[in-house]
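Here the structure is laid out as structure tokens; the discussion comes afterwards.
Per chain, numbering begins at 1; letters A, B, ... match sequence-line order. All figures in this text were calculated on a predicted structure; none of them were measured in a lab. Note that these values count all heavy atoms, side chains included, but never hydrogens, waters or copies made by symmetry.
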2 protein chains.
Amino acid sequence: MQPSRAATRAGRPRDSQIDVALLDATLAVLDESGYGRLTLEEVARRAGTTKPAIYRRWPTRQHLVLAALARRLGEVTVPDTGCTMCDLNEGISVFVAAFRRMPPDVLGPLLADCATRDELRADFMTMLFDPPRAAVERMLTSAIARGDLREDVELDLTLDLLGSLVHYRVLFGHAPISDAEIERAVETLLRGIATDYPRLLEHSREQSGDSATHQLHT
Amino acid sequence: MQPSRAATRAGRPRDSQIDVALLDATLAVLDESGYGRLTLEEVARRAGTTKPAIYRRWPTRQHLVLAALARRLGEVTVPDTGCTMCDLNEGISVFVAAFRRMPPDVLGPLLADCATRDELRADFMTMLFDPPRAAVERMLTSAIARGDLREDVELDLTLDLLGSLVHYRVLFGHAPISDAEIERAVETLLRGIATDYPRLLEHSREQSGDSATHQLHT
DNA sequence: ATAACATTACGTGTCGTAACGTAATTTATA
DNA sequence: TATAAATTACGTTACGACACGTAATGTTAT
């Protein structure tokens with residue numbers, strides 16, 4: 001419980017250039033080789049340093065990769081236009097876009113590798129999954145406040161229905177989820193949880209002005 | 001392209017008792033240690049044999065574990081009572097039950113380990129994921145034929161919406177999916193894809209005779 | 001005095017495979 | 001039909017390869 005003194009430890013300070021060099025090298029190796037073939041020596045070699053420098057910063061390979069991916073994920077923003085259907089379509093795109101920034105053959109193996117240790121699994125969720133999920137949750141809450149969705153909608157279940165579809169396509173099928181499929185899924189779900197689906201549909205048409213959208217089902 | 005001659009190869013035949021001993025030992029080790037800590041020597045030791053006996057039968061550890069899990073999965077049956085809502089609730093339970101038979105900390109790592117090689121990924125899907133999915137697909141097809149679901153329902157998308165929820169809960173959250181959540185999800189989806197949701201709900205009540213079911217939303 | 005740095009090296013564990021002699025079964029030959 | 005040859009699985013043992021995580025050492029920066 002030391003004050004801010006702990007921030008400036010004695011001795012030679014860390015070289016922050018090595019931090020970013022290691023994270024960048026990790027991302028490069030992940031892109032090329034995937035998580036399974038990532039070796040710490042290769043990461044260190046590309047960063048122009050060596051293994052001990054890695055272990056000084058992150059206790060395990062999982063922590064290193066988590067930090068690298070979180071760096072790439074960046075911040076997640078969320079639309080709030082007042083048009084529930086538009087927002088949800090956009091919101092799912094937030095999910096999809098977030099995972100498109102992740103190299104394939106990385107997320108699944110990393111999660112699997114983190115699943116055994118509870119603390120690591122929590123870190124994985126906090127750093128990679130919760131941000132986009134929380135963004136969609138904010139959209140749903142706004143929609144409920146507007147009266148667009150039934151008040152007894154179960155937030156967690158709806159979030160899982162939306163998010164799990166994306167995760168499923170990312171982790172299981174290599175089939176990328178298309179924008180059309182996102183719209184279909186949102187339409188189906190909205191029929192189930194909206195107070196007045198036709199009104200939302202109409203509102204969406206006015207808002208977007210794009211007459212080609214949302215006309216598949218009437 | 002030899003006839004049935006190839007079935008009976010020359011030389012000493014495989015000892016089928018070793019086959020089952022190895023598969024059982026694999027399941028035992030998976031239950032205790034999970035996929036990550038499974039070593040082939042431990043499997044061989046418990047089966048009363050040695051590593052080469054494994055490699056004579058399965059080319060990789062992944063194939064061995066796939067065969068062991070498929071053995072436990074067994075056959076997947078499907079209800080067809082004519083009550084769409086009942087069948088779907090039952091059908092999702094098929095998914096859930098199938099995965100309940102799988103030890104935790106196994107499916108995710110195994111999938112991750114199979115994800116890099118396309119042939120292995122296909123085997124994983126064929127042996128573990130497609131059977132329950134196909135069962136639910138048959139139910140949906142029946143429901144469409146009965147006129148309970150809209151004809152333009154996208155089968156694959158609906159299947160993914162149903163199945164991905166289960167996968168999500170199994171692989172990501174360690175929270176087991178409850179029967180109540182299954183019912184909620186089915187209700188939400190049916191509102192979106194049914195031709196006449198109130199009629200399905202009424203039919204379900206008559207069929208089940210259980211007045212406590214499906215009364216959460218009216 | 002302290003701690004990060006680069007370098008080097010070590011012990012460990014598991015992998016996948018390769019020997020080797022033995023046992024069991026099919027195929028060819030006497 | 002009997003016997004030999006060929007073939008393949010079996011257990012045992014051992015090996016090289018690889019990456020892990022850590023430790024030791026001397027140097028450099030605070």
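Side-chain contact annotation: Q62(B) with T60(B), donor-acceptor N/O pair under 3.5 Å present.
The separation between L22(B) atom CG and dA9(D) atom P is 14 Å, rounded to whole Å. Between R14(B) atom CZ and dC10(D) atom C1' there is a gap of 11 Å when expressed in whole angstrom units. Summarising the geometry, the separation between CD on Q17(B) and C1' on dC10(D) is reported as 14 Å, rounded to the nearest angstrom. Separating the CD1 atom of I54(B) from the C1' atom of dG11(D) is a distance of 13 Å, rounded to the nearest angstrom.
In this structure, the side chain of E181(B) engages the main chain of S178(B) through a donor-acceptor pair within 3.5 Å. Between the side chain of R184(B) and the backbone N or O of T158(A), no donor-acceptor pair lies under 3.5 Å.
Ion pairing of E41(A) with R45(A) is absent here, as no side-chain N (NZ or NE/NH1/NH2) approaches a carboxylate O to less than 4.0 Å. A salt bridge links D19(A) to R57(A): at least one charged side-chain nitrogen sits closer than 4.0 Å to a carboxylate oxygen.
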Show me the protein contacts with nucleotides 12-17 of chain C, counting only N or O atoms at under 3.5 Å.
residue : atom : partner : partner atom : Å
dC15(C) : OP1  : R61(B)  : NH1          : 2.8
dC15(C) : OP2  : L40(B)  : N            : 3.4
dG16(C) : OP2  : Y55(B)  : OH           : 2.4
dG16(C) : O5'  : Y55(B)  : OH           : 3.4
dG16(C) : N7   : K51(B)  : NZ           : 3.1
dG16(C) : O6   : K51(B)  : NZ           : 3.1

Dump every N/O contact between nucleotides 20-25 of chain C and the protein below 3.5 Å, one line per pair.
residue : atom : partner : partner atom : Å
dA23(C) : N3   : R12(B)  : NH1          : 3.2

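Proximity of T49(B) to the phosphate of dG11(D): a side-chain N or O atom is located under 4.0 Å from OP1 or OP2.
Here R71(B) pairs with V20(B), L23(B), D24(B) under the side-chain contact (heavy atoms from CB on, under 4.5 Å) rule; sequence neighbours left out.
Between R56(A) and R57(B), the residue anchored closer to the 5' end of DNA chain D is R57(B), taking for each the nucleotide with the nearest heavy atom.
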